Engineer: 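I'd like to ask some things about the structure below.
Atom set for the values below is all heavy atoms of this structure, side chains included, hydrogens, waters and symmetry mates excluded. In this chain, residues are counted from 1 in sequence order. This structure is a prediction, so every number in the text was calculated from the model and none was measured.
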Amino acid sequence: MSLFRGEFPPLRGFQLKAHESIRQAARERHKLIMVMASTGAGKTILALNVIKQTTDKGRRAMFLCDRKTLIAQTSNVSREVGLGYHGIIQADNSMLDLSRPFQIASIQTLESRGFPCPNDFDVVVVDEAHMMRKSLIKYITDPALKARVIGLSATPFTPGLAKIWTKLINATTMHDLTMQGILVPMRIFSCRRPDMTGAKTSGGEWTERAAEERELTIVGDVVSEWIRFAEDRKTICFGATIKHCEEITRQFNEAGIP
């Protein structure tokens, strides 16, 4: 009998297909399975469906968030889809209860707890699995961990991933999601490109500090281009670092745009 209450939302066609691909990979004895899908595809719902089926069989599962700040968000989504009976592995959290079959944690939490980490799970889901943190790699490749590990990523392109993950499942593409009306069509405009010559990289991407230093030079262009193309539209601005975001905010406010 399931310990969870509530109605799980019906999966979309590509999510059902991806779930079956995960099952097939498991039958082929893959332990480390990477699932690729664009932002907005519903990777979390797909993963929670795997977790629900795991716990319905009396087994244990864990959802491993990339950052501590995402624990509450993942917990709320789990509760919304009827998976409210879960524990949260986090110091001083009122939901700390390791006996529950479904646990939510962050890799930082597991790092602070020290190794060996909990290894009595049957399924471990890793969000933003392309990040390649040394502690995460140590955990999911530890022979003591018998769990099937399912990684989620929109961008599984970090060099070295294939040395860790033995199976890649492409759940869907941005084009397919757009054609189905799940994502809106994109229009892309570009302001002046920063000069990234000689910028320091890590894992095939520019470091946050290098991106901050170079991208600070084009903040003014971001403001003027926003006024040109997107004025009076609800907008999200992404910065490389907190300092970069603060400078973007300052220049928008200086231009009279709150």
Engineer: Does the pair M174 and M186 meet the rule for a side-chain contact (heavy atoms from CB on, under 4.5 Å), with working shown?
Structural biologist: CA-CA 10 Å; M174 291 185 68; M186 288 193 300; 3.6 Å; yes
Engineer: Could R27 and E20 be called an ion pair, given the rule that one side-chain N must be under 4.0 Å from one carboxylate O?
Structural biologist: yes
Engineer: If you measure from CD on E28 to OG1 on T166, what distance do you get to the nearest 0.5 Å?
Structural biologist: 9.5 Å
Engineer: Is a side-chain N or O of Q15 found less than 3.5 angstrom from the main chain of G42, in a donor-acceptor match?
Structural biologist: yes
Engineer: Determine the minimum heavy-atom distance between H86 and L83, stating which atoms define it.
Structural biologist: ND1-O, 2.8 Å
Engineer: Keeping S153 on the side-chain end and T155 on the backbone end, is there a donor-acceptor pair under 3.5 Å?
Structural biologist: yes
Engineer: Write down the atom of P156, the atom of H130, and the distance for their closest heavy-atom approach.
Structural biologist: CA-CB, 4.1 Å
Engineer: Is there a side-chain contact between R60 and D120 in this structure, where contact means two heavy atoms from C-beta onward sitting under 4.5 Å apart?
Structural biologist: yes
Engineer: Please round to the nearest 0.5 Å and tell me the distance separating atom NZ of K167 and atom OG of S21.
Structural biologist: 7.5 Å
Engineer: Between K52 and D56, does any NZ, NE, NH1 or NH2 come within less than 4.0 Å of an OD or OE carboxylate oxygen?
Structural biologist: yes
Engineer: Check for a donor-acceptor pair, side chain of K43 on one end and backbone N or O of G40 on the other, with a separation under 3.5 Å.
Structural biologist: no
Engineer: For atom CZ of R12, decide whether the heavy atoms of other residues, nucleotides or ligands shown that lie under 6.0 angstrom number more than 12.
Structural biologist: no
Engineer: Taking only residues two or more places apart in sequence, or in another chain, which ones meet L16 in a side-chain contact (heavy atoms from CB on, under 4.5 Å)?
Structural biologist: L11
Engineer: Please name the pair of heavy atoms, one in A41 and one in T172, separated by the smallest distance, quoted to 0.1 Å.
Structural biologist: CB-CG2, 4.0 Å
Engineer: For T158 and L161, indicate whether the former's side chain and the latter's backbone hold a donor-acceptor pair under 3.5 Å.
Structural biologist: no
Engineer: Apply side-chain contact (heavy atoms from CB on, under 4.5 Å) to I140 and V126, showing your working.
Structural biologist: CA-CA 9 Å; I140 63 178; V126 179; 4.3 Å; yes
Engineer: How many angstroms lie between atom CD1 of I33 and atom CG of L168, to the nearest 0.5 angstrom?
Structural biologist: 11.0 Å
Engineer: Are L183 and L152 connected in a single hydrophobic cluster, I mean Ile/Leu/Val/Met/Phe/Trp/Tyr linked by side-chain heavy atoms less than 4.5 Å apart?
Structural biologist: no
Engineer: Give a yes or no on whether R59 atom CZ has more than 12 heavy-atom contacts from other residues, nucleotides or ligands under 6.0 Å away.
Structural biologist: no
Engineer: Is the count of non-hydrogen atoms from other residues, nucleotides or ligands lying under 6.0 Å from M131 atom CE greater than 12?
Structural biologist: no
Engineer: Any ion pair linking D122 and R148 (charged N to carboxylate O, less than 4.0 Å)?
Structural biologist: no
Engineer: Taking Q103 as the fixed residue, which of V124, L98, L96 is the one that meets the side chain to side chain contact (heavy atoms under 4.5 Å, CB included) rule?
Structural biologist: L98
Engineer: Could you give the distance from CG (D66) to CD (Q108), rounded to the nearest 0.5 Å?
Structural biologist: 6.5 Å
Engineer: Given side chains that start at C-beta, do those of W165 and V149 come closer than 4.5 Å, heavy atoms only?
Structural biologist: yes
Engineer: Check whether any side-chain heavy atom of I89 sits under 4.5 Å from a side-chain heavy atom of I104, and report yes or no.
Structural biologist: no
Engineer: Please report the shortest heavy-atom distance between N93 and Q90, naming the atom on each side.
Structural biologist: ND2-OE1, 2.9 Å
Engineer: Are T173 and D176 linked by a side-chain donor-acceptor pair shorter than 3.5 Å?
Structural biologist: yes
Engineer: Begin from the C-alpha positions of F238 and I236 and carry the test side-chain contact (heavy atoms from CB on, under 4.5 Å) through to its verdict.
Structural biologist: CA-CA 7 Å; F238 291 94; I236 298 175; 3.6 Å; yes
Engineer: Give, for atom CD of Q53 and atom NE2 of H19, the distance between the pair rounded to the nearest 0.5 Å.
Structural biologist: 4.0 Å
Engineer: Check the orientation of F252 and W226. Use parallel for under 30°, tilted for 30 to 60°, and perpendicular for over 60°.
Structural biologist: perpendicular
Engineer: Using modelled atom types and a 3.5 Å cut-off, is there a donor and acceptor pairing between side-chain atoms of N253 and backbone atoms of T249?
Structural biologist: yes
Engineer: Do the side chains of L70 and L136 join up, straight or via other hydrophobic residues, at under 4.5 Å, putting them in one cluster?
Structural biologist: no
Engineer: Can we say E246 and K243 salt-bridge, meaning some charged N sits less than 4.0 Å from an Asp/Glu carboxylate O?
Structural biologist: no
Engineer: Any link between I169 and F14 through a network of hydrophobic side chains (Ile, Leu, Val, Met, Phe, Trp, Tyr) touching at under 4.5 Å?
Structural biologist: no
Engineer: Below 4.5 Å, heavy atoms only, C-beta onward: do Y85 and P101 meet side chain to side chain?
Structural biologist: yes
Engineer: Could you pull out the closest heavy-atom pair between A18 and L46, with the gap in Å?
Structural biologist: CB-CD2, 3.9 Å
Engineer: Just wondering, do V81 and I45 contact through their side chains at under 4.5 Å, heavy atoms?
Structural biologist: yes
Engineer: Could you tell me if the side chain of S75 sits less than 4.5 Å from the side chain of I88, heavy atoms only?
Structural biologist: yes
Engineer: Starting from the C-alpha separation in whole Å, work towards a yes-or-no answer on side-chain contact (heavy atoms from CB on, under 4.5 Å) for E247 and Q251.
Structural biologist: CA-CA 6 Å; E247 179 60 19; Q251 292 199 29; 2.7 Å; yes
Engineer: Would you mind reporting whether Y139 and L64 have side-chain heavy atoms less than 4.5 Å apart?
Structural biologist: yes
Engineer: Which atom names give the shortest non-hydrogen contact between L177 and S38, and what distance separates them?
Structural biologist: CD1-CB, 4.0 Å
Engineer: Hey, what do you get for CD1 (I71) to CG (N76), rounding to the nearest 0.5 Å?
Structural biologist: 12.0 Å
